[in-house]
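Just so it is clear, the model here is predicted, and its values are computed rather than measured. Read the numbers this way: they start at 1 and go in the same order the structure lists the ligands and their atoms.
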Amino acid sequence: MSQAKRVNVDSLQRMKRKGKRITMLTAYDYFMAQVLDEAGVDLLLVGDTVGMAVGGHATTIPVRLEHIVYHADMVSRGASRAMVIGDLPFLTYQVTVEAAIENAGKLMQDGHVHGVKVEGGRAMVPFVKRVLRAGIPVMGHLGLTPQSVHRFGGWKVQGKDERSATQVYEAAQALQDAGCFAIVLEAIPSELAQRVTESIEIPTIGIGAGPHCDGQVLVTPDMLGITGFEAKYIKQYAQLRDTIRDAVEHYVDDVKEGRYPTEEHGY
Ligand code: KIV
């Protein structure tokens, strides 16, 4: 059986040029990564949303590099076609460029990712340049960057006023010039996402940013209806929380009532 060629920075660039839309989903473990890969998702993000969508935390801030490395190792083994991106967690890249290179390198060597993602605008440029110089592809992330949720005063749409829209727009140019291969645009008005997407040559991947980005990302447990988290931008493609509860209730009943296990399940 021939294996599909792995998605990479060049094929993503070609997809943008040809107007082919890019799909990205978060993944945190081996078997889910296998399923998402089989289904044809182009990019798997080992996001620091693991802290919320798996760990039950209120924000992504408690997530550490070791957590992302642990999950990235599983995801990379599960994905044969998708490009795997690892999130650099809070304060693992913003303090010194040396730490940024060391931590991004660790994520590649121990988590086996093909690229890393960092949140933030112009201030990230020196970090992006140095990490790239070490041979590590970098994805940017602008708009409602979750690691800054407390600075924003909550989960608020960004880029709504002129000043903040200009900041996002100019930061996208700066990240492109610094060498990012793509940028996630999170929770910004759709018209701003369109302007950014049309003004840069690298792909934009939207989440809560309307229909005009080059691609789309969602948090997988949200889109599969596992977390129960609902927001305007999320389309739920399944209600797995209900499916799982029904299955487990069935199991509990079977065991309590003596219907399972039966002789045929014994050795
Ligand atoms: O951590 C994450 O899952 C993300 C996506 C929401 C883009 O950054």
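Looking at atom 3 (O) of ligand 1, its nearest protein heavy atom turns out to be T49 OG1, 2.5 Å. Counting protein heavy atoms only, atom 4 (C) of ligand 1 is closest to L45 CD2, 3.5 Å. Atom 6 (C) of ligand 1 has its closest protein heavy atom at I207 CD1, 3.8 Å.
In terms of polar-atom proximity, defined here as any N/O pair under 3.5 Å, T26 makes no such contact with ligand 1. Looking at D48 next to ligand 1, an N or O pair under 3.5 Å apart turns up. Considering backbone and side-chain N/O atoms, K117 comes within less than 3.5 Å of an N/O atom of ligand 1. Here's the thing with E186: none of its N/O atoms is less than 3.5 angstrom from an N/O atom of ligand 1.
Side-chain atoms of S76 come within 3.5 Å of backbone atoms of A72 as a donor-acceptor pair (strictly under, hydrogens ignored). Panel note: side chain D42, backbone I22; no donor-acceptor pair is recorded below 3.5 Å. Without hydrogens or angle criteria, R241 side chain to L224 main chain gives no donor-acceptor distance under 3.5 Å.
Of all the atoms in ligand 1, the ones that sit under 4.0 Å from a non-hydrogen atom of D87 are 1 (O), 2 (C), 8 (O). Atoms of ligand 1 found under 4.0 Å from any heavy atom of G47, numbered from 1 in the order shown, are 1 (O), 2 (C), 3 (O).
Listed here is the closest heavy atom pair of Q13 and E201: NE2-O, 2.7 Å.
Here I226 contributes atom CD1 and I244 contributes atom CD1; the two are 5.0 Å apart, rounded to the nearest 0.5 Å. From T26, atom OG1 reaches atom NE2 of H71 across 11.5 Å, with rounding to the nearest 0.5 Å.
Electrostatic pairing of K106 and E102 does not count as a salt bridge here, judged by no charged N lying under 4.0 Å from a carboxylate O.
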